[in-house]
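As structure tokens, the structure follows; a few thoughts come after it.
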Amino acid sequence: MQQETVQPFSADVGRVLDIVVHSLYRQREIFLRELVSNASDACDRLRWLALSQPELLEGQPGLHIDVVVDRAAGRLIVRDTGIGMDADELARNLGTIARSGTAQFLLEAGTDAAKGLELIGRFGVGFYSAFMVADRVEVESRRAGAKEGFVWSSDGRSGFTVRPAGHDLPRGTSVILHLREDAREFLDPMRIEDILHRYCDHIGFPVFLEVIPAPGESRTSLQKARQVNRASALWTRSPSEIGEEQYREFYRHVAHRFDEPFARIHARVEGRLSWTALLFVPKTRPLDLFDPHRRHGVRLYVRRVFVTEGLDELLPRWLRFVMGVVDSEDLPLNVSRETLQDSAVVAQIRRQLVRRILDELERIAREDPAGFEAWWREFGAVVKEGLVSDADWRERILKLARFPTTRSGLTDLSGYVARMRPGQKAIYYLTGEDAARLSNHPQLEAARERGIEVLLLEDAVDPFWLAEVRGFGGHPFVSLARGEVDFSGIEAEAPHGEAPAVEGRGLATLIARLKSVLGEEVLDVRASRRLAGSAVCLVAPEGALDPRLERILREHGQLKGPARRILEFDPRHPLIRAMAAMAEDATRAEEFAELARLLLDQARVVDGEPLPDPGAFSRRLSRFLARAVGAAEEAATVNEA
Ligand code: ADP
Ligand code: MG
């Protein structure tokens, strides 16, 4: 006998197994769905490969799945005649988790088993769910076309072994579960049949149930293997024949997710092009939504034969959360991925799919605004990428989009326009990392004072589409963080008493003195029309990049040097009026200069810009505070020491 070395599971798998095995899963029976689902995928893949390499079928074209209840040996076996795995594949596929986002998932789960279960529910446990019911799992497999078969074996704890089978194996894979003492319910053929009906009816290959009786058990009619599903692909059936539960199970099969889908599109198109699609939009974000390698989850079939998945040309990136199946009648069966990439048929299907998906999202937005808003919070940032990349769909995406504003909740742009103040022409916005923080920004004080609503755009994609999209319904998008703003044509909601403002010669002196103190640190200094409450803020010059965009580019090393900003002050603010008086007084020049630097740094803090000299800022601030509470002499002494 040869020596077997146990290979350890990857750390990810170890954690998943830990969660799966040690938590009493509410629905342990789902292991069967996972194993049959894998078997169905394996049949799909072989059927596709055999189109160009018919010898892989080895003269046995039958693709099917057998579930064997072996009551004699206490085992449950899920067997398929699909593609199979060689030794390397066994170790790689069943010893690591390839799905991206897993590491992130495990990080989130931490050591909290309940949290882990909930998260696992969002992406599925796959093959490893077998260890919920088995204390040993053996996987016998022979890759289609290969001579030798291999056996993978594990107790789900210490790792796994892979060895040559040593005897002939049929093509495909048998997953053999040695059932745990507490899982003997899965030796009941009725129970298994019931589960298969519930979870596997949508599977497009025949699933047979076979029973091996225990010694002394009477031979029943169940012994003969018999088919327990319809084996017609779900999407080919008419929607009126399909129940909610079947749709849901199909979603779980193609999406590898356990949540409820948010939207479903089951469409059949016959005409110049004929295709059927069964698509799902999930309710919560997949873990890898912002992973650059993330592909959409739509599988392409040609006349019921699985061809490929994640084909970039089939759906735009901004719909990469969509999952499901598209089955074309027009593409040739033995089509290569390269041909698909510039196929006119694929391009047309893509347009029609996008249209259907937008139709459905628009319908939900109309009929269930609150539900749609919750969904938009999960996926809006991705959909908005389409505003940048897909000019064809821009108008429709813009109508669908929801935004946080200075009012509570989200709004669409038509709602915003309907609430515009008399005389208001533009749609005002601010960009930043966080809408709640933005809502308190000095740059929107005057807007707020006049009852003007401001969009608070917190997604990284926002400054990018704003650089492309000029306006909505004839109203330009105008940033409150850039250029001059002028609300003078807009009526104030509640007229307020104007405080006296610094003006005329006093204003000119104040500006000249501020410029001379701050020098190169600012592009310009000017009186502001956007402040009401704060003394100062920084703004970007007209025509400059959006400040958030600038920050993003700087973080990625695509922009160097400090941000050039204009310092704006509110000429009505008491502090500014005091400084204007100070500016005329030569004996207070030093005090004025200190105050000017303090104000500039304060404006930087509000924007989250780094301070060039935080120490100096802090000392200055303390000195002024000390003076304000009447400790002037000491503060000065401390400072000189
Ligand atoms: P997933 O199905 O989401 O990829 P699983 O944990 O269910 O994750 O399976 C892991 C991998 O193991 C599959 O992607 C596949 O490559 C391989 N695999 C599992 N079962 C089979 C099978 N019956 N035949 C061939 N390959 C299989
Ligand atoms: Mg699977």
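Just so it is clear, the model here is predicted, and its values are computed rather than measured. Both ligands and their constituent atoms are indexed starting at 1 by order of listing.
Atom 27 (C) of ligand 1 has its nearest heavy-atom neighbour, among Arg45, Met85, Arg92, Arg79, in Met85. Among Asp41, Asn38, Leu35, the residue whose heavy atom lies nearest to atom 7 (O) of ligand 1 is Asn38. Summarising the contacts of atom 16 (O) of ligand 1 with Leu46, Leu94, Asn93, the nearest heavy atom is found in Asn93.
At a cut-off of 2.8 Å, Asn38 coordinates the Mg ion (ligand 2) through an N, O or S atom.
Shortest non-hydrogen contact noted between Glu260 and Lys283 is O-CB, 3.5 Å.
Residues Ser37 and Arg252 have side chains that never bring a donor and an acceptor to within less than 3.5 angstrom of each other.
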What pairs of donor and acceptor atoms, side-chain ones from residues 305-316 against any protein atom, are under 3.5 angstrom apart with sequence neighbours left out?
| unit_1 | atom_1 | unit_2 | atom_2 | d |
| --- | --- | --- | --- | --- |
| Thr308 | OG1 | Arg337 | NH1 | 2.4 |
| Asp312 | OD1 | Arg295 | NE | 3.3 |

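For ligand 1, the atoms closer than 4.0 angstrom to any heavy atom of Gly126 are 5 (P), 6 (O), 7 (O).
At a 4.0 Å cut-off, at least one heavy atom of His256 sits close enough to ligand 1 to count as contact.
Under the side chain to side chain donor-acceptor pair (under 3.5 Å) criterion, Glu367 pairs with Arg363, sequence neighbours left out.
Counting heavy atoms under 4.0 Å from ligand 1, residue Asp80 touches it through the side chain alone.
When each of Phe131, Tyr128, Phe186 is tested with Phe31 by the rule ring-ring contact (aromatic ring centres under 6.0 Å, His included), just one qualifies, namely Phe186.
Between Phe127 and ligand 1, a contact under 3.5 Å exists for at least one N or O pair.
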side-chain contact (heavy atoms from CB on, under 4.5 Å) assessment of Arg351 paired with Asp392: CA-CA 10 Å; Arg351 280 198 68 79; Asp392 289 353; 3.3 Å; yes
